[in-house]
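A short write-up of the structure that comes next.
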Amino acid sequence: MLPVLVHFTFTTLWSQLLLYALALGAVGYIAYNGWRGAEGTPTAPPTSSDRLQRALGYGAVAAALAWYGLRYALPASAFLGQKGEGIPIHTYGVLLATGFMTALTVAARLARDEWRKPTWVPDAQGGGQWVDTEGPRKQEAMMDFGFYALVGGLVGSRVLFILVNWKDYSRDWTQVFSLGGGLVFYGGLIGAALASMLFAKQHHMEFMRLADLAIPTVSLGQCLGRLGCYAAGCCWGDVTAAGARFAVNFPGAGLAKDLFGRLGGTSSLAFQSQSQDSRYVVEATGEVLHHMAPGAVRISDWVAQHGTTLPIHPTQIFESVGQLVLFLALLYARRFRRFHGQIFALWLMCYAVLRTSVELFRGDTERGTLHGLLQSLGASRMADAVPLEAWYNISTSQFISLCMFTFGATLLYRRIRRAGEAAGVGPTPSPA
């Protein structure tokens, strides 16, 4: 586990000036990419007005993000500074960003092949050549799509995280706008889907065709993102029996180190949770109890003594491997698709099964469960009837998975039926 790669602080004037220069350069580079990536019409290149409008839009968003970042990183004594938190380079963030960029690159390449349309372009000598004009335009448009998906995904994942943990945020609603807290994948998926619909409508694309192209790359990005979860020690698994073959121990602040071997002072989220867990566990079997029993020890006492979590299931690795398999399988299935929406529906169903299966091994009750929901609503007696360890104490993600599988199956059935009727093999009307 490597939660923080390195932590940059900006206490000296020279380090602050360097940060200003980097922020200004980043804003300029993003604005330039907006200028360079402007699209024209199929018959004419983009005008200077098109390029300028796009560059200003990109630059404004980048400037707002840079302003927010400077306020967070710089101390109050510096211009624009406020928090003085510096810039910790979290492994989770690096892998999440790498996953997003990798997925976007693959999606852009698939878009070029999907919309390939050779056009005969004559030359001055009376000859000419076939040139693909539509494919590169769609490939460039996917860069814009990435921006829509990023914003929609971040907003959606944050909103669902706040809803799941509303009991904590209701004490101080201003924490909704803080950089603390976390993200929820399903919220990001819903937010990105809504943003994708808007993008498809604005660019006159069929949403199902775009979804077939982009959805397998979501699994590719999530494959790397879950490795980030493993590095941060979040989304952890339930306690395993002693000596289990596939088990991991996440460290506390006294053992977690950065890239250079220095103690980072940041404990894993799994350790933080178990250090406050008042339940009991039987080490030999991994059974978690709410009362003392022979051979059992309080979880918080055990982790305080050892400096690590109890052995737990590496659920992050389970899902990472599953997502990679799902990406490769659907990428291959694209060769045999019969209609738009087929790959999208298959992904909805397959990922729902994968996520539900992984959830059976999860141990982070903070993610939101039926038990927690009943408690937050004040229904303590009903919550007692649904113990945390009960198999029927479904999580928020399992409930969403159930809905998603149903939607995917319905979509697949309707599309198959529509394709069959279009091919003349559907039900024939009875004679009048």
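Here, residue 1 is the first one in the sequence, and each next residue gets the next number.
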Can you tell me if [X] uses its side chain to pair, donor with acceptor, with the backbone of [Y] under 3.5 Å?
X: Thr47; Y: Asp50; answer: yes
X: Glu319; Y: Arg355; answer: no
X: Gln16; Y: Phe10; answer: yes
X: Ser273; Y: Ala270; answer: no
X: Ser275; Y: Phe271; answer: yes
X: Thr315; Y: Cys235; answer: yes
X: Ser320; Y: Cys223; answer: yes
X: Ser268; Y: Pro251; answer: yes
X: Asp277; Y: Ser300; answer: no
X: Arg116; Y: Gly135; answer: no

Rounded at 0.5 Å granularity, tell me how far [atom1] in [X] sits from [atom2] in [Y].
X: Ser395; Y: Asp364; atom1: OG; atom2: CG; value: 9.0 Å
X: Arg112; Y: Gln139; atom1: CZ; atom2: CD; value: 5.0 Å
X: Trp35; Y: Tyr32; atom1: CH2; atom2: OH; value: 10.5 Å
X: Phe344; Y: Leu210; atom1: CZ; atom2: CG; value: 10.0 Å
X: Ile87; Y: His7; atom1: CD1; atom2: NE2; value: 8.5 Å
X: Thr356; Y: Tyr351; atom1: OG1; atom2: OH; value: 9.0 Å

Can you tell me if [atom1] on [X] sees more than 12 non-hydrogen neighbours from other groups inside 6.0 Å?
X: Tyr332; atom1: OH; answer: no
X: Phe399; atom1: CZ; answer: no
X: Arg414; atom1: CZ; answer: no
X: Phe147; atom1: CZ; answer: no
X: Tyr20; atom1: OH; answer: yes
X: Gln53; atom1: CD; answer: no

With a 4.0 Å cut-off on N to O distance, would you call Arg209 and Asp212 a salt bridge?
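Asp212 and Arg209: not salt-bridged.
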Under 4.0 Å between a Lys/Arg side-chain N and an Asp/Glu carboxylate O for Glu359 and Arg362?
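Salt bridge flag = yes for Arg362 with Glu359.
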Please list, chain by chain and in numerical order, all residues satisfying side chain to side chain contact (heavy atoms under 4.5 Å, CB included) with Leu402, sequence neighbours excluded.
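Leu402 satisfies side chain to side chain contact (heavy atoms under 4.5 Å, CB included) with no other residue.
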For Ala31, check side chain to side chain contact (heavy atoms under 4.5 Å, CB included) against everything at least two apart and list the hits.
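For Ala31 there are no side chain to side chain contact (heavy atoms under 4.5 Å, CB included) partners, ignoring immediate neighbours.
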May I ask you to check whether Ser401 and Tyr186 show a side-chain donor-acceptor distance below 3.5 Å?
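Yes, Tyr186 and Ser401 have a side-chain donor paired with an acceptor closer than 3.5 Å.
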Minimal non-hydrogen separation, [X] against [Y], with atom names:
X: Arg51; Y: Arg36; value: NH1-O, 3.6 Å
X: Thr309; Y: Asn249; value: O-ND2, 2.8 Å
X: Ser357; Y: Val353; value: OG-O, 2.8 Å

Check whether the ring centres of Tyr230 and Phe250 lie less than 6.0 Å apart, and answer yes or no.
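Yes.
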Chi angles and distances behind the side-chain hydrogen bond (donor to acceptor under 3.5 Å, both in side chains) call for Gln274, Trp236
CA-CA 11 Å; Gln274 290 195 358; Trp236 60 92; over 6 Å; no
Assign the ring pair His313 / Phe318 to parallel, tilted or perpendicular, where the plane angle (0 to 90°) is split at 30° and 60°.
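It falls in the tilted class, 30° to 60°.
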side-chain hydrogen bond (donor to acceptor under 3.5 Å, both in side chains) for Tyr148 and Gln202? Distances and angles first, verdict last.
CA-CA 11 Å; Tyr148 277 72; Gln202 289 184 345; 2.5 Å; yes
